[in-house]
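Note that the numbering runs from 1 along the sequence shown for the chain.
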Amino acid sequence: MRLDKMLSNMGVGTRKEVKAMLKKNLVTVNDAFIKNGSKHIDPEIDVVKVDGQKIVYEKYIYLMLHKPDGILSATRDYHTRTVVDLIDPYFQHFQPFPVGRLDKGTEGLLLLTNDGDLAHRLLSPKKNVEKTYFATIEGRITDEDIRKFKDGVDIGETELTKPAELVILRSGSISEIELTITEGKFHQVKRMFEAVGKKVTYLKRLRMGELTLDPSLPKGEYRRLNEEELAYCEQVKDA
């Protein structure tokens, strides 16, 4: 990779700004001053510093976000804050995007990354990646609803939904449930309950595959994936 491209990709500056840094002898590769930005380096091996500060190359970033209510699962919007607006400019430079949109009013686990291959595999219906939600429901949830969800319900698509696992946590005029699905159709969870005469009043995603929302992560906050979570992502990509 060209040195100037590596530095600009890492948010050190624009190509023009990087060129100026090179001219001012601010850039070293393996402790040797470099003036020519076209020099090819191996970012995984060579030690690059700018004004004495080491620049660590990252191709992909992986962030777990606890999405709050009222935030759009989008990269940009001219009227409403998006999930990308919640993260530091350093991470924004990588142009991350949300993997599997959550509705504006839905909270919970959201993965932000610029790894398109991982996103495709996590979202592909063929991969059957489980997604678990917690919800409060207006209406009494029964064993009959569990059976219907397992068999698939009609939400107005050409086919019934795939089998889903519905767990009743509390049943009453206001019920609490956990639902695990392997699809991601538009407003799917809400439409599934509407199909059985119920209404979702609160929805939160808890899990996607083996990525589980960190209980210590406050709403609106995020963190990098840990080593175990990154290993799972690599496993998904290799599958």
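Looking at Asn25 and Lys35, their side chains come closer than 4.5 Å, going by heavy atoms from C-beta outward. Counting heavy atoms from C-beta on, the side chains of Ile181 and Gln188 come closer than 4.5 Å. Looking at heavy atoms from C-beta onward, Ile71 lies out of side-chain contact with Lys104 at the 4.5 angstrom threshold. Here the side chains of Phe193 and Lys199 are not in contact, with every heavy-atom distance at 4.5 Å or above. With contacts defined as side-chain heavy-atom distances shorter than 4.5 Å, the pair Met21/Val50 qualifies. Two residues are said to be in side-chain contact when any heavy atoms from C-beta on lie closer than 4.5 Å; Arg207 and Thr180 meet this criterion. Taking 4.5 Å as the limit, every side-chain heavy atom of Tyr133 sits out of range of all side-chain heavy atoms of Ile177. Side-chain contact between Leu110 and Arg205 is present, with heavy atoms from C-beta onward closer than 4.5 Å.
The side chain to side chain contact (heavy atoms under 4.5 Å, CB included) test applied to Arg101 returns Ser73, Ala74, not counting sequence neighbours. Remark: Tyr90 pairs with Phe94 by the ring-ring contact (aromatic ring centres under 6.0 Å, His included) rule, at least two apart or across chains. Applying the side chain to side chain contact (heavy atoms under 4.5 Å, CB included) rule to Ser38 yields the partners Arg2, Asn36; only residues at least two apart in sequence or on another chain are considered.
Screening residues 150-171 for side chain to side chain donor-acceptor pair (under 3.5 Å), with sequence neighbours left out, gives Asn128-Lys162, Arg147-Asp151, Glu157-Arg191.
In this structure, Lys237 places its NZ atom where more than 12 heavy-atom neighbours from other residues, nucleotides or ligands lie under 6.0 Å away. Other residues, nucleotides and ligands contribute over 12 non-hydrogen atoms within 6.0 Å of the CD atom of Glu234.
A donor-acceptor pair is defined here as one N or O able to donate and one able to accept, closer than 3.5 Å; no such pair exists between the side chain of Lys198 and the backbone of Gly139. The closest donor-acceptor contact from the side chain of His93 to the backbone of Ser8 lies under 3.5 Å. In this structure, Asp145 contributes its side chain and Thr142 its backbone to a donor-acceptor pair below 3.5 Å. The backbone N or O of Ile168 lies less than 3.5 Å from no partner atom in the side chain of Glu178, so there is not a single donor-acceptor pair. Judged by distance alone, the side chain of Asp51 and the main-chain N or O of Val27 form no donor-acceptor pair under 3.5 Å.
Cluster note: Tyr202 groups with Phe134, Val167, Leu169, Leu206 through ILVMFWY side-chain heavy atoms spaced under 4.5 Å, whether in direct contact or through intervening members. In the hydrophobic clustering (ILVMFWY side chains linked at under 4.5 Å, chained through shared members), Val99 is joined by Tyr60, Tyr62, Met64, Phe97, Leu109, Leu111, Leu118, Leu122, Leu123, Val129, Met208, Leu211, Leu213, Leu217, Leu225, Leu230, Tyr232, Val236.
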Verify side-chain contact (heavy atoms from CB on, under 4.5 Å) between Glu44 and Tyr57, making sure each step is shown before the conclusion.
CA-CA 7 Å; Glu44 303 292 340; Tyr57 177 73; 3.9 Å; yes
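For the residue pair Asp103 and His187, a side-chain donor N or O sits within less than 3.5 Å of a side-chain acceptor on the partner.
With values rounded to the nearest 0.5 angstrom, Lys67 atom NZ is found 12.0 Å from Lys204 atom NZ.
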